[in-house]
Undergrad: 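Pasting a structure here, questions to come.
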Amino acid sequence: MTRNVIIFVEHKAGHTRKVTFELATEARALADQIGGRALAVALGNGASTVAQALGKYPLDEIHISEDPDVDRFLLDPTVDYLEAVARSAGPSIVLVGNTMMGRDVAGRIAARLQAGLTSDVTGIRVEGARVECIAPKLGGNTITTCAFKEAPYGVVTIRPNAFAAASLETGAQVVQIAKPAGKSYALTIEAEVEEASDEMGLEEAPVVIAGGRGLGGPEPFDTLLKPLAQALGGTVGASRAAADAGWVPYSLQIGQTGKVVSPQLYLCAGISGAIQHKVGMQTAGTIVAINKDGSVPIGEFADLLVVGDAFKILPELTQLVQESKAAHA
Amino acid sequence: MKIVVTVKLVPDTNAVKRIDPATKRLVRTGVETVINPFDEYAIEAALALKEKLGGDTTVTIFTMAAESGKEVVRKALAMGADDAVMLSDAGLEGSDVWASAYAMAQALKKIGFDLIICGALAEDGNTGGLPNALSEYLGVPALTNARHIEISDAKVKAQRETDSGYQVVTGALPMLMTVTMAVGEPRYASLKGIMGAKRKTTAVMALSELGLEKAVGTGGAKTEVVEIAARPARGKARVEEAADGPAGAKIIFDFLKERKLL
Ligand SMILES: Cc1cc2nc3c(=O)[nH]c(=O)nc-3n(C[C@H](O)[C@H](O)[C@H](O)COP(=O)(O)OP(=O)(O)OC[C@H]3O[C@@H](n4cnc5c(N)ncnc54)[C@H](O)[C@@H]3O)c2cc1C
Ligand SMILES: Cc1cc2nc3c(=O)[nH]c(=O)nc-3n(C[C@H](O)[C@H](O)[C@H](O)COP(=O)(O)OP(=O)(O)OC[C@H]3O[C@@H](n4cnc5c(N)ncnc54)[C@H](O)[C@@H]3O)c2cc1C
C-alpha cells in the first residue's frame, strides 16, 4: 500500500522547533521507502514563516493555515486541521516530535484516525509493507521494535536529537488548508505566560549542562552553568532536587518525572545520579559528572567522573572552552 | 461533582524489569507494583479539589489492571479517595494505547464523571498518549499538564504548563485533565485513612459488562511488538581526582577533545 508521510510542525509564532527539521528529513527517507509523498502541516500564527524555513528541507508539500482559532483555543483546532490533511492525503504515517505538545497531538490524532501509536522512537525501518519503529523503553534499559498492523494510518512520536536534520531544497509546494467546517472548540487560551527562555528546548539541545542539590541555590545555575552551556552551544537542565527547591522551573527537570534527554554531551555538577534521574539522561552520548564525592551512583554509568568542587572547576572549564573556541574562530 | 482519577499500576522504579520473550510483554508478576508516580499527583489534585469544593464532591479511583492489583488500589483509597473501580479482564492483555483507551472510555462512560484526572505519563509504557486518546473516545475536552486548578459552577480555569511557561486555559465540565507535579506533593495516607480504606468498595468490572463494538487485547491492538533487546548497560566512569579547579577543568577539557566534543 502506498502511504504518505505527514509531519506535524511544532513552532512558536513562526519560530520552528529543531525537532521539526529532524522530522522533515526522516519523512523524506521514509516516504521514499514506502512510495509516497512527504507532507508537513504548520498551523497558527507564523505558519507562513515556518513554511519558508521548511522550504529548505526535502518535502513535497507544506500545508498551512494561519487561522487565529489555532492559537485561541487549546488543541481542538490543531487536531481538526491535522485530521483534514491526513484524510485528504489518504493512508499515511504521521510523525510528531515527542515533546509535551507533541504527545498531546499524537494521542488525539491517533484516536481520531483509529491509528496505532508508537512513541519516543529513535529509528524507523521498513520491512516489506510494514513500518517498524525502534524505541528505548523502560528508562532506556530495553530497546523495543514495534510494528504497525495493517491499517490506513499510523502515528509516531520521534525523540528529539535521535534523527539527523539535513537540508535539501526541493521546492516544496505551499498549500492553504480550508477551515474544517462545523467544529466547536471547548477550551479557551486566555493568556500565554513565559517563565523560562525557550531559545533551545531541553530535549533538543546537543549539549546539556545540568545542576543539582550540590549547587546549593539558584545563582550558580545562572553564573556557573549558563556560561558553560553557552560556550558549548547547549542549554541548562536540573535534577528534581533543584526543581523542588524552586531554584529552577520544573520545565528544566530531567528524569523519570521530568524530561528525557539524549544530547551528545551531558555534563552535570552536584547531581548524585539517583535512578529517577538516570532514566532521563542515560541515553546521552557522553556523560561527564563533577562531584565532590567519588563514590556517588553517577560513577556507575558516567563516562568521566571528576572528583572535586564544582564551584572551582566550572568557571575554569568555561574559560578553557571559550579560549579554545576563540582560537578556532 | 464526581471526579474520577485514572491510576496505572506499574512496576516499582527500582525493580528489575523484564519483558517476556514469548509474549513480548512486560512481566508484571513477581515484581513490586506501585501507583504510577505521576498518578499520585493526579490523586493529590483530586483530593485537594474535594477539600476545596466540599459538598457532594467524590473521588473515584479507576484502573485497568489485573485484580491482583487490588492491594495497590487500596493505597489510593487510604490517601482519601472514596471508592475504586477496576477494569480487570484477561481479554485486555496485550492492549496497546488505542485498545486501552477504547476499553477505558467505555468503562468510564458507565462509571459516570464530571471530571477525569489522569497522570501525564506512565512510567512503563510512557507514551503519554492514553489520556488524549481517552478524551477523543469520550468526546470531552482535554486540558493537559494542568496546575492551579480552580472550579466553580462547572466552570474550570487552570494553568497549562508548557515548555517555556504556562497558558491560562478556561472551559467547562465535563472534561479530562492531566496534571503536573506542580499540583503539590502527594499526601501520605494517615493511619485513619489506612484503616478506613478497608471499608471502602473496590468494584471489579469485566469486559462483558461494556458491550464493546471493537476488539481489544492483543487482537484489537493496532501495534505489535516484534522485537525486544536489552540495551547494553553503560560502563563505570573513569574517575579522576581534581587537585584544584584548574586541574579539574583541564581533565574535562582534554576528555571533551578526546571525544571530539570540542
Ligand atoms: C517518584 C519519584 C520521582 C522522581 N523523579 C525524579 C526526576 O525526574 N529527576 C530527578 O533528578 N530526580 C527525581 N527523583 C528524585 C531522586 O530520587 C533524587 O532525590 C534526586 O535526583 C536527587 O537530586 P540531586 O542529585 O541533585 O541531589 P543529591 O542526591 O542530594 O546529590 C547532590 C550531590 O551534590 C554533590 N555536591 C555537593 N556539593 C558539591 C560541590 N560543591 N561540588 C560538586 N558536587 C557537590 C554531593 O556529593 C551529592 O552527590 C524522583 C524521586 C521519586 C521518589
Ligand atoms: C515497555 C512498554 C512499551 C509500550 N509501548 C507502547 C507503544 O509504543 N504503543 C502502544 O500503543 N502501547 C504501548 N504499550 C502499551 C501501553 O503501555 C498500554 O496500552 C497502556 O495502557 C497505555 O499507555 P501508557 O502506558 O503509555 O500510558 P500513558 O499515556 O503514558 O499514561 C498517562 C496516564 O494515563 C493513565 N493510564 C494509562 N494506563 C492506564 C491504565 N491501565 N489504567 C488506568 N489509568 C491508566 C494514567 O493516569 C497515566 O498517568 C507499551 C507498554 C510497555 C510496558
Side-chain angles (χ1 to χ4, degrees), chain A residues 74 100 103-104 106-108 110-112 115-119 132 136 138 140-149 151 186-196 198 201 250-251 256-257 264-265 275-276 282 286 288 294 299-308 312-313 316-317 320 324, chain B residues 13-14 17 19 37-38 96-98 101 123-124 126-133 136-137 141-145 162-171 180-182 222-231 234 236-242 244-246 248-249 251-253 255 259 261-262:
Chain A
L74 187 62
M100 272 176 113
R103 284 192 286 271
D104 285 351
R108 299 264 319 252
R112 187 81 62 94
L117 172 71
T118 60
S119 80
E132 300 187 345
L138 301 175
N141 292 324
T142 305
I143 307 288
T144 62
T145 306
C146 200
F148 289 113
K149 292 188 189 168
L187 298 174
T188 309
I189 302 171
E190 309 281 354
E192 184 100 39
V193 181
E194 300 291 315
E195 283 181 323
D198 190 35
Y250 276 116
S251 57
Q256 182 197 316
T257 43
Q264 287 155 21
L265 171 63
I275 184 162
Q276 295 91 350
Q282 68 168 332
T286 295
V288 175
E300 297 299 312
F301 58 94
D303 297 291
L304 173 67
L305 168 60
V306 174
V307 184
K312 301 219 165 78
I313 296 172
E316 300 287 342
L317 178 60
L320 283 181
S324 141
Chain B
T13 313
N14 290 296
K17 281 157 229 136
I19 294 184
F38 264 121
D96 61 354
V97 169
W98 186 87
E123 200 187 321
D124 52 0
N126 209 241
T127 66
L130 192 117
N132 289 288
E136 283 282 325
Y137 287 122
L143 204 173
T144 49
N145 300 313
T162 65
D163 278 314
S164 58
Y166 63 92
Q167 298 168 323
V168 179
V169 178
T170 56
T180 71
M181 293 191 300
K222 303 268 185 193
T223 53
E224 175 179 21
V225 179
V226 291
E227 210 179 296
I228 31 173
R231 190 172 169 279
R234 297 186 83 102
K236 279 189 201 293
R238 182 164 114 198
V239 181
E240 303 255 7
E241 297 279 341
D244 55 18
I251 296 166
I252 298 174
F253 184 76
F255 183 77
R259 291 257 171 147
L261 289 162
L262 272 176

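Fair warning: this is a prediction, and the values are worked out from it, not measured in the lab.
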Undergrad: What part of A/Val306 is in contact with chain B, defined as an atom under 4.5 angstrom from a non-hydrogen atom: side chain, backbone, both or neither?
TA: both
Undergrad: Between atom NZ of A/Lys312 and atom CG of B/Asp244, what is the distance when rounded to the nearest 0.5 Å?
TA: 9.0 Å
Undergrad: For B/Arg234 versus A/Thr286, what's the shortest heavy-atom pair and its separation?
TA: NH2-CA, 4.1 Å
Undergrad: So for B/Phe255, is it side chain, backbone, both, or neither that comes closer than 4.5 Å to the heavy atoms of chain A?
TA: side chain
Undergrad: If you take all heavy atoms of B/Thr223 and A/Lys149, which pair is closest and at what distance?
TA: O-CE, 3.8 Å
Undergrad: Is it the backbone or the side chain of B/Ile19 that comes under 4.5 Å from a heavy atom of chain A, or both, or neither?
TA: side chain
Undergrad: Hey, what do you get for CG (B/Asn145) to CG (A/Asp104), rounding to the nearest 0.5 Å?
TA: 6.0 Å
Undergrad: With chain B, which of A/Gly294, A/Ser251, A/Cys146 has the greatest number of heavy-atom pairs at distances under 4.5 Å?
TA: A/Cys146
Undergrad: Between CD1 of B/Ile252 and CG of A/Leu305, what distance do you get to the nearest 0.5 Å?
TA: 9.5 Å
Undergrad: Contact part of A/Ala147 toward chain B, heavy-atom cut-off under 4.5 Å: side chain, backbone, both or neither?
TA: both
Undergrad: Nearest 0.5 angstrom please: A/Gln264 CD to B/Leu261 CG, how far?
TA: 6.5 Å
Undergrad: For A/Gly308 and B/Ala242, work out which heavy atoms get closest and say how close.
TA: CA-CB, 4.5 Å
Undergrad: Go through the atoms of B/Leu143 and report whether side chain, backbone, both or neither lie under 4.5 Å from a heavy atom of chain A.
TA: both
Undergrad: Any idea which of B/Ala101, B/Gly165, B/Ala237, B/Pro246 has the most non-hydrogen atom pairs under 4.5 angstrom with chain A?
TA: B/Ala237
Undergrad: Given heavy-atom pairs under 4.5 angstrom as the criterion, report whether the side chain, backbone, both or neither of A/Tyr250 touches chain B.
TA: side chain
Undergrad: So for A/Glu300, is it side chain, backbone, both, or neither that comes closer than 4.5 Å to the heavy atoms of chain B?
TA: both
Undergrad: Kindly compute the distance separating CE (A/Met100) from OG (B/Ser164), expressed to the nearest 0.5 Å.
TA: 10.0 Å
Undergrad: Of all heavy-atom pairs between B/Pro37 and A/Gln256, which one has the smallest distance, and what is that distance?
TA: CG-NE2, 2.9 Å
Undergrad: If I measure from the heavy atoms of chain A, does B/Ala229 come under 4.5 Å with its side chain, its backbone, both, or neither?
TA: both
Undergrad: Which one wins on heavy-atom pair count under 4.5 Å against chain B: A/Leu320, A/Leu317, A/Thr145?
TA: A/Thr145
Undergrad: So do the side chains of A/Leu304 and B/Ile251 get within less than 4.5 Å of each other, counting heavy atoms only?
TA: yes
Undergrad: A/Glu192 and B/Thr162: which non-hydrogen atoms are nearest, and at how many Å?
TA: OE2-CG2, 4.5 Å
Undergrad: For the residue pair A/Ser119 and B/Asn126, what are the closest heavy atoms and their distance?
TA: OG-O, 3.9 Å
Undergrad: Picking from B/Val169, B/Val225, B/Thr170, which has the most non-hydrogen pairs under 4.5 angstrom with chain A?
TA: B/Thr170
Undergrad: Given that the side chain runs from C-beta out, which part of B/Tyr166 has a heavy atom under 4.5 Å from chain A: side chain, backbone, both or neither?
TA: both
Undergrad: Are B/Glu136 and A/Arg112 ion-paired here, with the side-chain N under 4.0 Å from a carboxylate O?
TA: yes
Undergrad: Non-hydrogen atoms of chain A under 4.5 Å away: do they reach the side chain of B/Val239, the backbone, both or neither?
TA: both
Undergrad: For chain B, find which of A/Gln282, A/Glu132, A/Gln276 contributes the most heavy-atom pairs closer than 4.5 angstrom.
TA: A/Gln282
Undergrad: If you count heavy-atom pairs under 4.5 Å with chain B, which of A/Ala115, A/Ala110, A/Ala106 comes out on top?
TA: A/Ala115
Undergrad: Under 4.5 Å heavy-atom distance to chain B, tell me which part of A/Leu74 shows up: side chain, backbone, both or neither.
TA: side chain
Undergrad: Counting heavy-atom pairs under 4.5 Å to chain B, which of A/Leu265, A/Leu187, A/Val288, A/Ile275 comes out on top?
TA: A/Leu187
Undergrad: Distance check, rounded to the nearest 0.5 Å: B/Arg259 atom CZ versus A/Asp303 atom CG?
TA: 4.0 Å
Undergrad: With a 4.5 Å heavy-atom cut-off, do B/Trp98 and A/Leu117 have their side chains touching?
TA: no
Undergrad: B/Asp96, B/Val97, B/Val226, B/Leu130: which one forms the most heavy-atom pairs within less than 4.5 Å of chain A?
TA: B/Val226
Undergrad: Does any heavy atom of chain A fall under 4.5 Å from the side chain of B/Asp124, the backbone, both, or neither of them?
TA: both
